[in-house]
Trainee: 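If you scroll down you'll find the structure; I have some questions about it.
The chains referred to below are lettered A, B, ... by the order of the sequence lines, with proteins before strands, and numbering in each begins at 1. We use all heavy atoms of the structure for the numbers below, so side chains are in, but hydrogens, waters and symmetry mates are not.
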2 protein chains.
Amino acid sequence: MTAQREDKADVEVKGTQTLMRALDIMDEVIDGPIRAADLARKLGMSKTTAHRLAQALKSRGYLSVTNDGFGLGPKLLELGVMATQQIDYVRVARPFMEKLSEDTGFCVFVGKREGDWSRHLDRVTGRQRLRVATAPGDRRPIAETGLGKALLLDEPEEVWEDLYRQASGGKVSARAMKDYVAQMRVHKARGYVLHDSELGDGVRSIAAPIRDARRQICIALSIASAAHYLTDDIVDDLVAAIVATAGEIGEAVGYRAPRG
Amino acid sequence: MTAQREDKADVEVKGTQTLMRALDIMDEVIDGPIRAADLARKLGMSKTTAHRLAQALKSRGYLSVTNDGFGLGPKLLELGVMATQQIDYVRVARPFMEKLSEDTGFCVFVGKREGDWSRHLDRVTGRQRLRVATAPGDRRPIAETGLGKALLLDEPEEVWEDLYRQASGGKVSARAMKDYVAQMRVHKARGYVLHDSELGDGVRSIAAPIRDARRQICIALSIASAAHYLTDDIVDDLVAAIVATAGEIGEAVGYRAPRG
DNA sequence: GTAAGCGTCCCTCTAAGTGGGGCGAATGAA
DNA sequence: TTCATTCGCCCCACTTAGAGGGACGCTTAC
């Protein structure tokens with residue numbers, strides 16, 4: 001338990017100056033075409049070096065030459081598609097989940113939508129003695145859990161109604177339905193879900209959707225705990241932490257906020 | 001024996017061994033997760049080097065660690081999305097078009113679909129004195145040109161019918177419609193279009209669709225010339241050349257053939 | 001006209017990067 | 001269990017990869 005252990009991969013790898021500089025160039029070009037001379041200035045390298053690295057990247061298809069300097073290259077299209085197919089979002093999310101659990105002490109979940117169900121895919125248990133029993137692999141009606149609701153935020157209201165009716169066993173009073181939809185509207189506007197279990201088990205959860213490169217909700221993140229722990233006075237801080245973490249995971253899987 | 005100069009960007013850039021080796025690693029990982037030791041063996045570098053480079057790529061998000069070794073990393077999702085937005089397919093296609101024109105002597109076009117129209121976007125003039133007048137920027141009813149037909153190959157037959165009717169001014173005999181759809185079916189099965197202009201100007205064209213990373217037809221490639229040049233005895237060779245070039249461009253913009 | 005900016009090339013020198021070697025931890029066979 | 005193999009990871013001495021100064025030709029702006 002060394003306190004100075006780096007939990008991330010932030011540990012600078014020695015002996016890769018050339019590679020790192022080349023990747024720095026990629027990071028500049030991602031914002032739009034840029035000239036070799038500007039690259040040299042921005043990154044603090046000689047223009048010879050910037051030129052050589054950019055040419056090398058171009059020769060491999062990572063960059064292309066446009067009228068405005070170097071731009072992203074076709075190889076990235078190929079890599080992007082393959083990455084979409086191969087990358088496991090849950091694996092990407094795990095380190096973020098661990099940090100969130102470490103920071104808050106709560107149990108953190110991720111899950112995805114499976115038709116009318118929400119499937120819990122991974123969990124990082126927190127430091128509390130009282131634990132929510134939901135385990136990876138568990139499936140619950142999607143309209144019934146905080147995680148599930150977060151996965152539904154982009155759906156039209158009719159879908160909310162259908163799934164709520166379904167989760168409730170078919171018959172719902174007009175009043176209950178109206179309340180449910182109104183609540184969902186609030187969740188959608190806020191961008192996160194605050195959910196008190198209707199099963200009377202005193203479980204409360206906070207959930208936020210994670211968006212992928214297409215800005216679609218692909219998975220959702222949540223913390224769940226006994227309402228006894230998850231008290232009103234700390235909810236605001238937790239919401240902020242969860243929304244922030246969900247945003248970070250989104251960025252890690254390619255989400256870019258509108259307008260850049 | 002360097003008989004000819006390299007006309008492509010194949011010119012080895014000197015002074016980038018580290019970068020090139022790192023990109024070699026990316027090329028291995030693209031086929032699926034691979035262990036550091038296997039990378040060293042496959043690429044003929046010491047395991048130290050393979051390990052260091054892979055770690056460096058991981059620290060930048062280009063690779064991630066899975067149970068089966070190194071896999072593609074989340075950074076590629078981000079780069080892939082940005083590349084999709086920024087890359088101009090026509091620019092990617094140009095060098096291939098130039099080579100095709102050089103090899104065949106014919107005039108080569110690319111174009112994309114704009115609703116019910118096909119827009120010619122770029123052209124490489126061939127060596128022939130008689131030139132098809134179509135210029136970049138020209139717009140034609142999509143069902144009426146070889147290029148346009150190639151862009152429609154993935155559409156359902158009802159769309160073919162609608163657009164053919166539209167291009168013909170609204171009224172078409174049942175016989176003509178049937179022939180048109182039958183022809184389109186043949187084109188679709190073959191994967192390319194052989195088109196004789198119905199305007200009586202003696203223009204013949206061969207066109208093939210180019211598919212992007214999502215396997216959707218994004219642009220199309222064609223050669224067009226006077227039927228006097230584009231004779232039956234050379235059509236087969238030209239078709240092969242065009243289909244091959246269209247495939248190469250597709251790969252350059254991220255298309256991967258099904259099944260890998 | 002001049003000047004400033006660009007991309008490209010060559011050459012020298014040094015420190016970046018290579019690879020040999022070693023260590024501990026898994027994994028699997030005996 | 002023990003032993004053998006192979007993995008990831010680390011250290012360090014040698015050398016060559018690559019950084020950067022400088023020059024040249026070209027284009028654009030003034």
Trainee: Quick one: list whatever passes salt bridge (charged side-chain N to carboxylate O under 4.0 Å, His left out) with A:R204, sequence neighbours left out.
Mentor: A:D196, A:D232

Trainee: Per the side-chain hydrogen bond (donor to acceptor under 3.5 Å, both in side chains) rule, what does the pair list look like for residues 242-251 of chain B, sequence neighbours excluded?
Mentor: none

Trainee: Hey, could you give me the CG/CG distance between B:L57 and B:L72, rounded to the nearest 0.5 Å?
Mentor: 11.0 Å

Trainee: Looking at DNA chain C, which of residues 23-40 of chain A put a heavy atom within less than 4.0 Å of it?
Mentor: A:R35, A:A36, A:A37

Trainee: How many angstroms lie between CG in A:L79 and CE in B:M26, if you round to the nearest 0.5 Å?
Mentor: 5.0 Å

Trainee: Could you list the residues that satisfy salt bridge (charged side-chain N to carboxylate O under 4.0 Å, His left out) with A:D103, not counting sequence neighbours?
Mentor: A:K99

Trainee: Could you name each residue pair satisfying side-chain hydrogen bond (donor to acceptor under 3.5 Å, both in side chains) that touches residues 62-82 of chain B, not counting sequence neighbours?
Mentor: A:D27-B:K75, A:R256-B:E78

Trainee: I need the single residue from B:V193, B:T104, B:I223, B:D237 that forms a side-chain contact (heavy atoms from CB on, under 4.5 Å) with B:I242. Which is it?
Mentor: B:I223

Trainee: Which protein N or O atoms sit under 3.5 Å from an N or O of nucleotides 15-18 of chain D?
Mentor:
unit_1: D:dG18; atom_1: OP1; unit_2: B:Q17; atom_2: N; d: 3.2
unit_1: D:dG18; atom_1: OP1; unit_2: B:T18; atom_2: N; d: 2.6
unit_1: D:dG18; atom_1: OP1; unit_2: B:T18; atom_2: OG1; d: 2.4
unit_1: D:dG18; atom_1: OP2; unit_2: B:T16; atom_2: N; d: 2.9
unit_1: D:dG18; atom_1: OP2; unit_2: B:Q17; atom_2: N; d: 2.3

Trainee: For the pair made of CG in B:L53 and P in D:dC9, what is the distance, rounded to whole Å?
Mentor: 14 Å

Trainee: For A:E28, enumerate each residue passing the salt bridge (charged side-chain N to carboxylate O under 4.0 Å, His left out) test, keeping only those at least two apart in sequence or located in another chain.
Mentor: A:K42

Trainee: What pairs with A:R119 under side chain to side chain donor-acceptor pair (under 3.5 Å), at least two apart in sequence or on another chain?
Mentor: A:E114

Trainee: Between the protein and nucleotides 22-29 of chain D, which nitrogen or oxygen pairs come in under 3.5 angstrom?
Mentor:
unit_1: D:dG22; atom_1: O6; unit_2: A:T48; atom_2: OG1; d: 3.4

Trainee: Can you tell me how far the CZ atom of A:R52 sits from the OG1 atom of B:T16, to the nearest 0.5 Å?
Mentor: 7.5 Å

Trainee: Say you draw a straight line from CZ of B:R127 to OG of B:S101; how long is it, rounded to the nearest 0.5 Å?
Mentor: 7.0 Å

Trainee: Any salt bridge linking B:D24 with B:R21? Criterion: basic side-chain nitrogen under 4.0 Å from a carboxylate oxygen.
Mentor: no

Trainee: What's the angle between the local helix axes at either end of the helix from C:dG7-D:dC24 to C:dA30-D:dT1, using five pairs per end and rounding to 10 degrees?
Mentor: 50°

Trainee: With a 4.0 angstrom cut-off to heavy atoms of chain B, pull out the first and last contacting nucleotide of DNA chain C, in 5'-to-3' order.
Mentor: C:dG17 to C:dG22

Trainee: Nearest whole Å is fine: how far is D:dC7 P from B:N67 CG?
Mentor: 16 Å

Trainee: When you match A:H51 and B:G44 each to their closest nucleotide on DNA chain C, which lands nearer the 5' end?
Mentor: A:H51

Trainee: Between atom CD1 of B:I142 and atom CG of B:L151, what is the distance when rounded to the nearest 0.5 Å?
Mentor: 5.0 Å

Trainee: Of A:R41 and B:M45, whose nearest nucleotide on DNA chain C comes first from the 5' end?
Mentor: A:R41

Trainee: Would you please name every residue forming a salt bridge (charged side-chain N to carboxylate O under 4.0 Å, His left out) with A:R35, sequence neighbours left out?
Mentor: none

Trainee: Atom CD1 in B:I219, atom CZ in B:F109: separation rounded to 0.5 Å?
Mentor: 14.5 Å

